[in-house]
Peer 1: 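One structure coming up, written as structure tokens, with questions to follow.
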Amino acid sequence: MASRSQFYLLGITLLCIFVPSARADTLKITSTPPGASVEIDGVSVGTTPYQEDVPGGYFHKTRTALGRRLQHPMIARISLLGYATKEVQMTEGPMNWVSLKGHNHGEYWLLKLNRFHVDLDPLSKMFTGTINADIPKPGEAQGRVDLSAGSSLEDVIERAKPAVVRLKGFFKSGSGFFVTESGLIATNAHLARGENSLLALLAGGQQLTAKVVHIDPDRDIALLKIEGDDFPCLTLAATSNVRQGETVIALGNPGGGMPFTVTRGIVSAVGKFSAAGPGIWIQTDAALNPGNSGGPLLNSAGEVIGINTLKLERSSVSGINFALSATDLLAVLRKFYPALGPE
């Protein structure tokens, strides 16, 4: 029998038919300041304040099997020049609709509210500080041969651990890490999506609010912001520095285990891997588990070479885990930190 495989994230067009259904209702999306572009499921629909009449069955289950019902999730993306883009998870679900007679009518989603409002944050306040990046210039030697400056593995972990954070939302948790001293945190989009903010727990015991300030529409990358200064941060290393077979260290907060834990492995492979998603991926045998999402994958110099993202679960297979490359993270950060230079 053919084997079955599935990828697990380490955290976690409107289809209608013209039949009698629940009465229509009005969906509204507003922002401060107004005039922001609105995309729903990647399709531009207008600017704020935006409103649209939708079937009442999108807010509550329709009364008949033929009624209009929402058969997919909806995400709104609100953007305005000079402000951080916000993404809003508009629906809850999926729910399984079974009639009183036991007939299964499939899955459906419900809109959480009939009005969504977002306060947009100026980029000048969100994206401050300095990004430290190891990006070799053409002709320079590439790759890390051994631990830097005679440091032991224990020394590298001791230096990196204070820059790692544990992130908690209402129904999910994961990891992240500081990329600037001014409180900018990188993590996975699948951890931040649908949240306005996450609770950030630092290795030293502090609990702070991390506001979601950017979710990349293409890559599984999100940026969060904590108010404050002098946070320990990690250096990002371009993918050209990564060598197959080199030692790597994964830091994070696996569910069911102790927080701020460390696993060790090697780089198994580097490159594009469409089954995992867009971007450049680093495959590693360093153990990753739910809760490791968004944590850093480090080289032996303590530099971030990737964001721990997912693992492959398949019968008779183990040690196939993936981190989205720091090169992809740098591509996102360049939108807000032009000093990083072109790709």
Side-chain angles (χ1 to χ4, degrees), residues 7-12 87 89 131 157 160-180 183-203 207-226 231-237 248-263 276-284 286-298 302-311 321-333:
F7 285 101
Y8 285 85
L9 294 174
L10 299 176
I12 324 193
E87 195 172 274
Q89 180 73 47
I131 305 290
I157 295 168
K161 182 178 174 180
V164 179
V165 299
R166 184 181 184 187
L167 298 170
K168 298 181 69 175
F170 284 111
F171 303 108
K172 48 194 172 183
S173 63
S175 308
F177 54 95
F178 286 107
V179 293
T180 70
L184 191 68
I185 294 171
T187 188
N188 281 136
H190 72 258
L191 178 62
R193 182 160 283 124
E195 306 280 354
N196 290 320
S197 62
L198 296 169
L199 178 65
L201 292 85
L202 278 57
Q207 297 187 22
L208 302 169
T209 299
K211 180 181 291 188
V212 179
V213 295
H214 181 74
I215 294 178
D216 190 81
D218 302 314
R219 305 171 179 89
D220 195 353
I221 293 174
L223 302 175
L224 317 180
K225 182 69 166 64
I226 289 177
F231 292 104
C233 57
L234 298 175
T235 297
L236 308 180
V248 291
I249 306 158
L251 277 72
N253 301 277
M258 293 183 179
F260 302 100
T261 59
V262 180
T263 56
I280 300 172
W281 294 90
I282 299 170
Q283 182 179 321
T284 178
L288 299 179
N289 292 287
N292 276 119
S293 271
L297 185 69
L298 306 177
E303 299 171 325
V304 178
I305 63 171
I307 303 174
N308 300 321
T309 302
L310 51 84
K311 65 187 293 183
N321 308 300
F322 295 90
L324 189 55
S325 75
T327 291
D328 287 280
L329 175 56
L330 284 165
V332 174
L333 290 169

Peer 1: So which heavy atom on Pro259 is nearest to which on Arg166, and how close?
Peer 2: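 Answer, listing the atom of Pro259 first, then Arg166: CB-NH1, 4.2 Å.
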Peer 1: Looking at side-chain heavy atoms only, is the closest gap between Leu167 and Leu224 below 4.5 Å?
Peer 2: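 Side chain of Leu167 against side chain of Leu224, heavy atoms only: contact under 4.5 Å found.
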Peer 1: Are Leu201 and Asn253 packed together at the side-chain level, in the sense that at least one heavy-atom pair is separated by less than 4.5 angstrom?
Peer 2: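 No; the side chains remain at least 4.5 Å from each other.
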Peer 1: What I'd like to find out is whether the side chain of Thr187 reaches to under 4.5 Å of the side chain of Ile307, using heavy atoms alone.
Peer 2: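 No - every pair of side-chain heavy atoms lies 4.5 Å or more apart.
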Peer 1: Evaluate Phe231 against Ile185 for side-chain contact (heavy atoms from CB on, under 4.5 Å), listing each step before the verdict.
Peer 2: CA-CA 10 Å; Phe231 292 104; Ile185 294 171; over 6 Å; no
Peer 1: Find the distance between OG1 (Thr209) and CG (Leu199) and round it off to the nearest 0.5 Å.
Peer 2: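 One gets 6.5 Å once the value is rounded to the nearest 0.5 Å.
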Peer 1: Give a yes or no answer on whether the side chain of Asn308 reaches the backbone of Gly294 with a donor-acceptor pair at less than 3.5 Å.
Peer 2: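 Such a contact is absent between Asn308 side chain and Gly294 backbone.
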Peer 1: Shortest non-hydrogen contact from Ala237 to Ala326?
Peer 2: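 Minimum heavy-atom separation between Ala237 and Ala326: O-CB, 3.3 Å.
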Peer 1: Can a donor-acceptor pair be found, under 3.5 Å and without considering hydrogens, that links the side chain of Asn289 to the backbone of Gly255?
Peer 2: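 Flag not set: sc Asn289 to bb Gly255 has no pair under 3.5 Å.
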Peer 1: Give, for atom CG of Leu198 and atom CG of Leu191, the distance between the pair rounded to the nearest 0.5 Å.
Peer 2: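 If I round to the nearest 0.5 Å, the distance is 5.5 Å.
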Peer 1: Is the shortest side-chain heavy-atom distance between Leu297 and Leu288 below 4.5 Å?
Peer 2: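 Sidechains of Leu288 and Leu297: no contact.
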Peer 1: How long is the span from the CD atom in Gln89 to the CG atom in Asn196, to the nearest 0.5 Å?
Peer 2: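 CG of Asn196 is found 12.0 Å from CD of Gln89.
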Peer 1: Are Asn292 and Asn321 packed together at the side-chain level, in the sense that at least one heavy-atom pair is separated by less than 4.5 angstrom?
Peer 2: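 No, their side chains stay 4.5 Å or more apart.
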Peer 1: Using atom types as modelled and distance alone, determine if a side-chain donor or acceptor of Thr263 lies under 3.5 Å from a backbone N or O of Ala287.
Peer 2: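 It does hold such a pair.
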Peer 1: Closest approach of Pro162 and Ala203, non-hydrogen atoms and distance?
Peer 2: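 Looks like CA-CB, 4.4 Å.
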Peer 1: Rounded to the nearest 0.5 Å, what separation is found between the OG atom of Ser175 and the CG atom of Asn188?
Peer 2: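 The distance works out to 9.0 Å.
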Peer 1: Looking only at heavy atoms, which two atoms of Arg219 and Ala189 are closest? And how far apart?
Peer 2: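 Scanning both residues completely, I find the closest heavy atoms to be O-CB, 4.2 Å.
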Peer 1: Return the OG1 to CG distance between Thr309 and Asp220, rounded to the nearest 0.5 Å.
Peer 2: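 Answer for the OG1-CG pair, Thr309 versus Asp220, is 5.5 Å.
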Peer 1: Among Val262, Val164, Leu234, Ile157, which residue meets the side chain to side chain contact (heavy atoms under 4.5 Å, CB included) test with Leu298?
Peer 2: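 Going through Val262, Val164, Leu234, Ile157 one by one, the side chain to side chain contact (heavy atoms under 4.5 Å, CB included) with Leu298 is satisfied by Leu234 alone.
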Peer 1: Can you check whether Leu208 reaches Leu202 side chain to side chain, under 4.5 Å on heavy atoms?
Peer 2: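 The answer is yes; the side chains approach within 4.5 Å.
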Peer 1: Are any of the side-chain heavy atoms of Leu324 and Leu329 separated by less than 4.5 Å?
Peer 2: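 Answer no - side chains too far apart.
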Peer 1: Considering non-hydrogen atoms only, spot the tightest contact between Ile215 and Ala222 and give its length.
Peer 2: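 Result for this residue pair: CG1-CB, 4.1 Å.
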Peer 1: Determine whether Thr261 and Pro254 make a side-chain contact, defined as any pair of heavy atoms from C-beta on separated by less than 4.5 Å.
Peer 2: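 When only atoms from C-beta onward are counted, Pro254 and Thr261 do touch, with a gap below 4.5 Å.
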Peer 1: Parallel, tilted or perpendicular: which fits the ring planes of Trp281 and Phe322, with parallel below 30° and perpendicular above 60°?
Peer 2: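 Aromatic pair Trp281/Phe322 classed perpendicular.
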Peer 1: So, for His214 and Val332, which heavy atoms are closest and what is the spacing to 0.1 Å?
Peer 2: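 Shortest heavy-atom contact: CD2-CG1, 3.8 Å.
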Peer 1: Would you compute the distance between atom CD1 of Ile282 and atom OG1 of Thr327 and round it to the nearest 0.5 angstrom?
Peer 2: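 It is 7.5 Å, given to the nearest 0.5 Å.
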